[in-house]
Amino acid sequence: MSDHLPHERVVFARELRRARQQTGLTLVALAERTTASKSSWQRYLSGAHLPPRGVVRELCELAGRKPGPLLALWELAEASRHRRQPPAESGERPAAADAEEVPEATPTPPGPAQDVSESTAPAPEKPRTEQARDRSVPALRLPAAALSALLALAVVGVALLIWSDRKPEGLKPGCRGADCTGKRSQPNACGIDGSAPLTVAEREFDDRTRVDIRYSEGCEASWARIWFGEIGDRLEVSAPGQETQSVRIADKYDAEGYLSTPMVGGGPGGVQACLVSARADDRRCFSST
């Protein structure tokens, strides 16, 4: 399908797939965490359709990346949908060029009373075949198409430079401190770049499962994430003076990516994460410093 898409659409779809890989989520899990369905994500990632701007922002938040560069590519891809494409080349001659040639009329010698001076004689008309040929020759579009492609690449480059130098936008967090306890990090803008989230501690278990503790400076709250766990595993996070929060891996889709606990107010120091394994029924904990 990429052979029939404008270059801007191809580039955008490629970057969209990279962002999805950064989330570590399957299509089913991605659909559960965004406003787009699984089938819609399949079309977006293949380049068949462009996602809404809001969906692009949701994906960037899940991937933990700035939305600016990807939105700049989205703008170019959207503009390419309305740009007129040059006509396809064809080996066939235009119909007008195939018109039957009409022989030139033989001029009638002027009579004695006619004025044949050059100043008053009308300019000879082109033969009809030449007129048809002039109308049938298409305007050259290759230089314009090449210029359009160069301008598009230049806009992408400038946009990426601008957004790479910009600081994350100041987003108003949905909660702060103890008020965040029991709430999710993403809907409250605590897990995105604007709230300066950090991984303050991490631990690997069983050569596959990884657990990390995250802290948001903007929200003054912490939460834990489990990566590639097993169905039935439970992850707990606690902080001094706050109620312990937990999350359980319910199905294979949760196990294929990462799963986050609700938040607890406080941190980054003194936060504890505990993995309760479904297979060994043991409890392994570690803390941030």
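Using a 4.0 Å cut-off between charged side-chain N and carboxylate O, Glu78 and Arg53 make no salt bridge. Arg284 and Asp282 are joined by a salt bridge, as a carboxylate oxygen and a charged side-chain nitrogen come within less than 4.0 angstrom of each other.
Scanning all heavy atoms of the two residues, the minimum distance from Arg65 to Arg18 falls at NH1-C, 4.2 Å. In this structure, Cys190 and Pro197 approach most closely via the heavy-atom pair O-CB, 3.9 Å. Between Gly177 and Ala221, the shortest heavy-atom distance links the atoms O-CB, 4.5 Å. Nearest heavy-atom pair across Cys285 and Arg203 is O-NH1, 4.3 Å. The nearest pair of heavy atoms linking Gly47 to Ala13 is CA-CB, 3.9 Å. Here the shortest heavy-atom pairing between Ala278 and Ile231 reads CB-O, 3.7 Å.
Side-chain atoms of Val200 and Val271, non-hydrogen and from C-beta on, never get closer than 4.5 Å to each other. In this structure the side chain of Pro51 reaches within 4.5 angstrom of the side chain of Phe12, judged on heavy atoms. Counting heavy atoms from C-beta outward, Trp41 and Leu59 have side chains that approach closer than 4.5 Å. Side-chain contact check for Tyr44 versus Pro52: some heavy-atom pair is nearer than 4.5 Å. Annotation: side chain of Tyr215 is in contact with side chain of Glu220 (closest heavy-atom distance under 4.5 Å). Looking at Arg279 and Asp206, their side chains come closer than 4.5 Å, going by heavy atoms from C-beta outward. Using a 4.5 Å cut-off on side-chain heavy atoms (C-beta onward), Leu27 and Arg20 make contact. Taking the side chain as every heavy atom from C-beta outward, Glu32 and Val28 approach each other to under 4.5 Å.
The backbone N or O of Thr35 lies less than 3.5 Å from a partner atom in the side chain of Glu58, making a donor-acceptor pair. A side-chain donor-acceptor contact under 3.5 Å links Arg184 to the backbone of Ser260.
Taking CZ of Arg234 as the start and CD1 of Ile249 as the end, the distance is 12.0 Å to the nearest 0.5 Å. How far CD1 of Ile213 is from CZ of Phe286: 4.5 Å, rounded to the nearest 0.5 Å. Residue His7 holds its NE2 atom at 13.5 Å from CZ of Arg9, rounded to the nearest 0.5 Å. Of the inter-residue distances, the one linking Arg225 atom CZ with Arg214 atom CZ reads 4.5 Å to the nearest 0.5 angstrom. Atom CZ of Arg57 is separated from atom OG1 of Thr34 by 15.5 Å, given to the nearest 0.5 angstrom. Note that CD of Glu204 is 9.5 Å distant from OG1 of Thr209, once rounded to the nearest 0.5 Å.
Under a 4.5 Å side-chain heavy-atom cut-off, the cluster of Ile, Leu, Val, Met, Phe, Trp and Tyr residues that includes Trp223 is completed by Met263.
Residues Val211 and Trp227 do not share a hydrophobic cluster, defined by chaining ILVMFWY side chains whose heavy atoms lie under 4.5 Å apart. Under the 4.5 Å side-chain heavy-atom criterion for Ile, Leu, Val, Met, Phe, Trp and Tyr, Phe205 and Val247 are members of the same hydrophobic cluster. Tyr258 and Phe228 fall within a single hydrophobic cluster, where Ile, Leu, Val, Met, Phe, Trp and Tyr are joined by side-chain heavy atoms under 4.5 Å apart, directly or via other members. Linking Ile, Leu, Val, Met, Phe, Trp and Tyr whenever their side-chain heavy atoms come within less than 4.5 Å puts Val55 and Leu70 in one cluster.
The list of side-chain hydrogen bond (donor to acceptor under 3.5 Å, both in side chains) pairs with a residue in residues 242-252, not counting sequence neighbours, reads Thr181-Gln242.
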Exercise for review: Report the C-alpha separation of Leu25 and Leu62 in whole Å, then their side-chain angles, then the decisive distance to 0.1 Å, and conclude whether the side-chain contact (heavy atoms from CB on, under 4.5 Å) test is met.
Suggested key: CA-CA 9 Å; Leu25 299 174; Leu62 291 174; 4.1 Å; yes
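Cys pair Cys175/Cys180: SG-SG separation is below 2.5 Å.
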